Amino acid sequence: MFASSDKISLRAVEPADAALMYAWENDQNVWVHGDNLLPYALFEIEQFILEGHDFYRNRQARFMIDYQTNGSKETVGMADLFDFHPHHRRAGVGIYVAPAFRHRGIAKTAIGLLKEYAFETLELHQIYCHVLAENNISLKLFESAGFEKTAVMKAWIFRNGDFHDQVLMQLFNPKHKEP
């Protein structure tokens, strides 16, 4: 574990997490929120884990979200910094919480921990996310974590026979000059 709050902690991905990641990454209900259109093989996920976490080489850092309740700890989701651009000092943010653990504040706390890591340790200038315009739950989540809607990309995502708008949300490091 490298970042934690009372009940939530972020930790590095371990080989034992491969089965969970395999199930979550291949859940087609989640694909509508990203760019994935093909299932991952378990071998691909195992290779991803084994290749290590060199943020500067892979341009991505994935963390598992552990939830502490009633004296036991359970892995309930994943948090990502991705599309890292070292020159511009920015990265995208992705969050996934398993359906049985949603609406408990886990995602918001995990985003807060990820934000602290991005700004304090990595000294990024900004983090951002893309959210489907009709995904009100995620829009509210990221707004409550301090992200600001800065652009709408019209007809950006094609799903289920129709085009959907996508919202760009950004959060700037408070230690840096505001744009």
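What you see is a predicted model, and the numbers here were worked out from it, not measured in a lab. Just so it is clear, the values below take in all heavy atoms, side chains as well, and ignore hydrogens, waters and symmetry mates. The chain is numbered in sequence order, starting from 1.
- The structure places CZ of Phe119 at 8.0 Å from CD of Gln126, a figure rounded to the nearest 0.5 Å.
- Rounded to the nearest 0.5 angstrom, Glu116 CD and Leu122 CG are separated by 11.5 Å.
- In this structure, the side chain to side chain contact (heavy atoms under 4.5 Å, CB included) partners of Gln68, at least two apart in sequence or on a different chain, are Lys73.
- Taking all atoms of both residues into account, the shortest heavy-atom contact from Val93 to Cys129 is O-CB, 3.7 Å.
- Residue His164 is tested with Glu134, Lys154, Arg159 for a side chain to side chain donor-acceptor pair (under 3.5 Å); the sole match is Glu134.
- Side-chain heavy atoms closer than 4.5 Å link hydrophobic residues (I, L, V, M, F, W, Y) into clusters, and following such links, even through other members, never connects Ile157 to Phe82.
- When all heavy atoms are compared, the tightest approach of Gln170 to Phe172 is NE2-CZ, 3.7 Å.
- Every side chain to side chain contact (heavy atoms under 4.5 Å, CB included) that Ala133 has, sequence neighbours left out, goes to Asp165, Val167.
- Among residues two or more places apart in sequence or in another chain, the side chain to side chain contact (heavy atoms under 4.5 Å, CB included) test is passed with Leu42 by Ala18, Tyr22, Glu46.
- Side chain of Asp66 to main chain of Ser9: no donor-acceptor pair is present (N/O by atom type, distance under 3.5 Å, no hydrogens or angles).
- Between Glu123 atom CD and His176 atom NE2 the span is 6.5 Å, to the nearest 0.5 Å.
- Ring planes of His85 and His87: perpendicular class, angle over 60° (limits at 30 and 60°).
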Please step through side-chain contact (heavy atoms from CB on, under 4.5 Å) for the pair Thr69 and Glu74, ending with a clear verdict.
CA-CA 8 Å; Thr69 180; Glu74 189 167 355; 5.7 Å; no
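- Residues satisfying the side chain to side chain contact (heavy atoms under 4.5 Å, CB included) criterion with Ala79, sequence neighbours excluded, are Leu10, Ile65, Ile95, Leu114.
- Clustering ILVMFWY residues whenever any of their side-chain heavy atoms sit less than 4.5 angstrom apart, transitively, puts Tyr40 in the very cluster that holds Met21.
- For the ring-ring contact (aromatic ring centres under 6.0 Å, His included) condition, the pairs that include at least one residue of residues 90-115, sequence neighbours left out, are Trp24-Tyr96.
- The heavy-atom pair separating Ser144 from Leu141 by the smallest distance is OG-O, 2.7 Å.
- For residues 77-93, every residue pair satisfying the salt bridge (Lys or Arg N to Asp or Glu O under 4.0 Å) rule, not counting sequence neighbours, is listed here: Arg62-Asp80.
- Atom-to-atom distance recorded for Gln60:CD and Phe84:CZ is 12.5 Å, nearest 0.5 angstrom.
- Between Phe158 and Phe163, the ring planes lie tilted relative to each other; the angle falls in the 30° to 60° range.
- The two residues Met64 and Asp17 have their closest heavy-atom pair at CG-OD2, 3.4 Å.
- Of all the heavy atoms in Gly146 and Leu171, the pair that sits closest is O-CD1, 3.1 Å.
- In terms of heavy-atom proximity, Pro15 sits nearest to Ile49 at N-CG2, 3.7 Å.
- Residue Ile8 holds its CD1 atom at 13.0 Å from NZ of Lys108, rounded to the nearest 0.5 Å.
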